[in-house]
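Below, read A as the first sequence line, B as the second, and so on, with proteins coming before strands; counting in each chain starts at 1. Since the model is a prediction, treat every value here as computed from it, not as a measurement.
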Amino acid sequence: MEFNFKEIEDKWKKVWAKNGTYTVTEDPNTPKYYVLDMFPYPSGAGLHVGHPLGYVASDIYARYKRLKGFNVLHPMGYDAFGLPAEQYAIETGTHPAVTTEKAIKRYKEQLDKIGFSYDWSRQVVTAEPDYYKWTQWIFLKLFGSWYNREANKAELIETLVAKFEANGLSKELAREGVEAFTAEQWKGFSKAKQSQVLMNYRLAFLSYAEVNWCEALGTVLANDEVKDGKSERGGHPVERRKMRQWFLRITEYSDRLLDGLNTLDWSDAMKEMQRNWIGRSEGALIKFDLSQTLSEGEGLNSPRYHTTDSQTWNTSIDFAKEHRSNPTEAEAIVWEQLRAKRTGYKFRRQHPIDQFIADFVCLERGLIVEIDGKIHLEQKENDQLRTEVLNRYGFTVVRFTNEQVFGNIDTVVSKIKETLATMTERVIPSEVDDNELSEGQNSSLPFGEGRGGVSLEVFTTRPDTIFGATFMVIAPEHELVDSLTTPEQKEAVDKYVAYVKSRTDVERQQEKRVTGEFTGSYAVNPFNGTPIPIYMAEYVLAGYGTGAIMAVPADDERDRKFAEKFGLPVIEIIDKSMYPGATIEDKKGKMINSEFLNGLEVVDAIKAVLDEVEKRGIGQRKVNYKQRDAGYSRQRYWGEPFPIKYGPKHVEGFEDLGGAEDIPVPLSEDQLPLVLPEVSSFKPGGDGRSPLANSEAWVKAGYETDTMPGYAGSSWYFLRYMDAKNPNEFAAKDKIDYWKNVDIYFGGAEHAVGHLLYSRMWHKFLHDLGYVPTDEPFQKMVNQGMIQGRSNILYRVSELEKDVVKWFSDLLRKKYKKRIIISEQGNIDISIDDKVVIEIKRFDGYNYRMYQDTFYSRFRHYTSKAALLFFTNNIIRDSKFYINLIDTILKSSLSDGYLFVDTKPQKVAPLYVSNGFKDKFPCSPKHVDINLVHNDILNLKEFKRSSIENRESDFVLYKGKYYCGYEVEKMSKSKYNVVTPDDVIDKYGADCFRMFEMFLGPIEQSKPWDDKGISGTYNFLRKFWRLFYDDKGWKVTDAEPTKEEYKVLHKTIKKIADDIERLNYNTCVSSFMIAVNELTSANCSKRKVLEPLVILLAPFAPFITEELWSALGNTGSVHQAAYPKFEEQYLVESEFEYPISINGKTRAQVKLALDLSEADARAYVLGLESVTKWTNGAEPKKFIYVKGRIINVVV
RNA sequence: GCCGUGGUGGUGGAAUUGGUAGACACGCAGGACUUAAAAUCCUGUGAUACUCAAAUAUCGUGCGGGUUCGAUUCCCGCCCGCGGUACCA
């Protein structure tokens, strides 16, 4: 009887489904075991061969644990919200729900084919309201909670409010940016003000963060949609833009997330990555005063700029700074218009005047611009008073509303300009004495208030190196950039800031070139007053520490490079001569050139300098975390809606606010789920808002238009599996108490610092509120490697002028050698012998006449040379013609006054060149769907049919064919390199597919997909089958196995059980192969050997084993059988064949009894001819005898 | 850049605690069966040198050093691939 996998697999799939073989229920009498897979995002491309790698591994483990007697929870579901479905919706108009449902159906089909033992009754889908109701519910809990640092756990916000009501803001409760208040004051605060204060505590809170804004697409882009500062789709410019967004206060959990790692059975690598991500470092905040002497900024001595007294300045400046870094959207827009003297006058923003902070002020003319409808309401309440006071100091105030700013910024700006035009220099009324106001300034008030305030604060982990700090570096987006920049440096700084703005954080840190710019200002070393120049550079990020560093070139590699490039001094401060081999960053050595620190060891110096810093009040010790609070808003449609309305218009009880609009108010639990509305269009809602803004009803109701990010639903799904259909709770308490947490979690290492940190935080949070009994969600973690794809690459020819000029001039240079000159400026791109000049333009498809006319008028006067206008598109396609043309002109007399304009390009279409030509053209690589490619040859017909853009494409072929390049990389839809398991299963069956994936190599290792070796696994299954059946049929006997046959069995039992526990599945498959090979050779078809072997193999190949189990006459399922016992007695050996090494090199083998003593062994071995050959009879220097391992003779 | 991880025959990989490098499988070559092919089975297969052959020697785990009787395994310094780098999932 032949092995017919199709029949067998169909048959048992049905039986399992009918019998509910894999359905589990909570059973307090059986030990539980929870085996979890990272759930997939159901992409339109379907499951690819990389997904099942982890699923097969976990399925084997789950099945193994069941055979070992555990009650195993092994569920599957879908992370169904996500960008791809939304992108598809934008392109095609298909609702993401439809796309997603289709994809899920396909995934389910594919998964079922592979024979997984999932309990499908527990399936969850994050995009279904039944599920996201609870995601929203948890969000409400986060919003309604704060982190009590004293209790070191999250608590409901009510406990905080109670504390405020009792004692006001106590020292323990102080948070950055929260102004002190008493209990009485708290009670007197408006609802809005209270809400604003509480926002500093909530675990889900509103704040500001930069996003990738693409004006042309009118949308916010994900980081991987941005390449080189341009949008990946369309190549439009992308800018960083600040927006108000939701955040999760994960930083409150940083320490617990770190400590928790010690209790987890994860790989060291994984723990290390999380530790480094959280990045706890102990150091100090140190304030560097700004230098007065070296700055030449305006107004230092002019009374006109003294706008408040020193005490008020000091309290106001913190507010001002805070506001500067967190402008409202309207303020940000206005600032864009006012900054950099765009109105002709210098404006400052968030500038303290008297006891107030002006939004924008032009000190020169005394004009204040106020934007209303913003967060700091305390100012609003004093509008009247404020205007009066400001007038008294000689200021005029103009006000605009948010609506005016959003509506028409141009009108606002021209109004400001008009007002400025009517004003003269600021007149200080006589009754005000500016000098009086500025009394005491020389000690505490800022030199250089005009340059941003008192001091520059840095965070450093190496305060001991402060005497080696020869310059400071601030992030280009640092809040003080504008004020630190001197007029002379302004242009350069603006240019640099613009450059940095176009780059992502990753690009900035990757940059190998050293870039930066001098601000023109200086700080002073707080210990010895040495002036230190302040630079800005992209390698300093605003989000880390204070966004400013003291650079110590002697002790930091990056700082050193920077110093070299900008010619800054290096002061050696640590003598490492007594530590040879210590690297520059090791904390070893003796301090030198460091005043009071001289002679101290680095570790002691750190302590000493910290004490001194605190004593002198120039800074304090501080623990800093690299980890930031987690951005939780996405300007997208396909995500969970926030259960939030904005008061007061839309929420009862908020009538008392008068005008303010942006106080978030949570929905009540019974209003959940807040279901995603239908929208008229999936395109962005305009002005950076999500497509939800396209729903009129939604906007009218005052709902938040952003949605939650991808990780919202996936941060807690493993809890829902415990009680997937519960309509009343996210999961019932008794079920959570039974299943507790995940025992083993299979997933990719790519989630190390995203999903795995967020989930841990959510779990800890739910634990704090008493909803889950465990503090950690995933006890053991297995990282399966990725199966990489083999992508195919097309080479698209660039038609950018600069690329083409370079390429074409290189071509010409080959022919004319040194006669070619490339011109950097003007209209001429290339000239040859000054006889022929060539201008190269990228033709945009319109205005051909315009190109022609400008060209003629420009070159008409050229009487002694030929001027040629070529279009990039045309030259690339027919370079021979153009070179011939040039050649003809050079050789003839045509050149005098000859003007040539290229004919209009036939079409503006992408041009691709075959691999082999790619170096001959200016090309950029582009992925192509591997389904359109066979053996690296592109199917042109199908390619052209695949999209509108492709239909227009042109090709440069090699021998009549288009050869693609290839690359091994992540298998993903966006790289068009997905291989699905379906074909493999059709051809070889699911058992074979499972075993082959395992056989490929260790699961934690990545490897490119290649099914070349699959026939080996297939042969194994057939060989196994043939132990039971031959041509004549069933051949299993009840005969007693031989000792050797038992040995084969028990060797295998031991090996398989050991390897499964260690998750070395690839060697399991090898051992099965060895066992089958040995039994085949021994012609063994004995039940006593084969039956246990069937059970051993069952977790790997569930179908064939079930069939054989039933054929052996068993009634139940093999997957519910008992795991075979290993018996040592069959493996006991009395002899071992020792390798005999001479000087560590194996030269001979000899069989010796295992209980032989060293002396006997020595005598015997040294007498061997194969040994005396090397020793020449002499006594060896050494004789090494490792029992059961090796014998080594040293001569 | 930073963090993590990997590099072994023509290929995927094995070697579990420092102890016979290349298990198992693919591929390839030769042979058997067959009219033939497929399938199946058998033999060989790291490189080099020598040899009719058997055998033997030298080299060999990304590169360069080191520790050790002995290193794929431990240490130091490099090179390259892959994953992550906070809005792909």
Salt bridge (charged side-chain N to carboxylate O under 4.0 Å, His left out) between Arg558(A) and Glu538(A), intermediate numbers included: CA-CA 12 Å; Arg558(A) 262 188 324 191; Glu538(A) 59 182 324; over 6 Å; no
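- Residue Asn1192(A) has no polar side-chain atom (N or O) positioned under 4.0 Å from OP1 or OP2 of U20(B).
- If you check every strand for non-hydrogen atoms under 4.0 Å, Glu1061(A) touches nothing.
- Residue-level contact check: Ile1184(A) touches the bases, meaning some heavy atom is under 4.0 Å from a base atom.
- Comparing G62(B) with C82(B), their C1' atoms are spaced 15 Å from each other, to the whole Å.
- Atom OG1 in Thr707(A) sits 10.0 Å away from atom OH in Tyr632(A) (nearest 0.5 Å).
- Taking atom CG of residue Asp268(A) and atom C1' of nucleotide G4(B), one finds them 12 Å apart after rounding to whole Å.
- Across all strands, Arg1062(A) comes closer than 4.0 Å to base atoms (heavy-atom distances).
- Residue contacts shown for Lys1181(A) are absent, as no nucleic acid heavy atom lies under 4.0 Å away.
- Within the 4.0 angstrom heavy-atom criterion, only backbone atoms of the sugar-phosphate kind lie near Glu272(A); the bases stay farther away.
- Using a 4.0 Å heavy-atom cutoff across all strands shown, Thr1067(A) reaches sugar-phosphate atoms only and no base atom.
- Using a 4.0 Å heavy-atom distance criterion, Asp224(A) is classed as a base contact.
- Applying the Watson-Crick and G-U wobble criteria (two distances, each under 3.5 Å), A21(B) pairs with nothing in any strand.
- Minimum atom distance to the side chain of Phe999(A) is reached by A25(B), of the listed A39(B), C87(B), A25(B).
- For U61(B) and G66(B), the P atoms lie 15 Å apart once the distance is rounded to whole Å.
- Geometrically, Lys1054(A) engages Phe1126(A) in a cation-pi contact, judged by NZ or CZ lying under 6.0 Å from the ring centre and within 45° of the ring axis.
- Contact check, Thr219(A) against C87(B): no side-chain N or O comes under 4.0 Å of OP1 or OP2.
- Across all strands shown, Arg1189(A) has heavy atoms under 4.0 Å from sugar-phosphate atoms exclusively, and none from any base.
- Base engagement by Arg636(A) is indicated by at least one non-hydrogen atom pair under 4.0 Å involving a base atom.
- The residue Ser633(A) sits close to a base: some heavy atom pair falls under 4.0 Å.
- A straight line from CD of Glu86(A) to C1' of C87(B) spans 12 Å, rounded to a whole angstrom.
- Using a 4.0 Å heavy-atom cutoff across all strands shown, Lys626(A) reaches at least one base atom of the nucleic acid.
- Between Asp706(A) and Ser690(A), the side chains place no donor N or O within less than 3.5 Å of an acceptor N or O (distance only, hydrogens not considered).
- Contact detail for Tyr637(A) and Pro691(A): the closest heavy-atom pair is N-CD, 3.6 Å.
- You'll find a donor-acceptor pair under 3.5 Å spanning the side chain of Lys1055(A) and the base of U16(B), going by distance alone.
- When heavy atoms are screened at a 4.0 angstrom cut-off, Asp1058(A) is found touching no nucleic acid atom at all.
- Residue-level contact check: Ala269(A) touches the backbone only, with heavy atoms under 4.0 Å from sugar-phosphate atoms and none from bases.
- Base orientation of G7(B): anti (glycosidic angle beyond 90° from 0).
- Between the side chain of Glu1004(A) and the base of U5(B), no donor-acceptor pair of N or O atoms lies under 3.5 Å.
- Nucleic acid contact for Gln627(A): base, since at least one base atom lies under 4.0 Å from a heavy atom of the residue.
- With Trp266(A) as the aromatic partner, Arg760(A) meets the cation-pi criteria of under 6.0 angstrom to the ring centre and within 45 degrees of the ring axis.
- Between A54(B) and G18(B), the two P atoms lie 38 Å apart (nearest whole Å).
- Taking atom NE2 of His755(A) as the reference point, atom C1' of C87(B) lies 17 Å away to the nearest angstrom.
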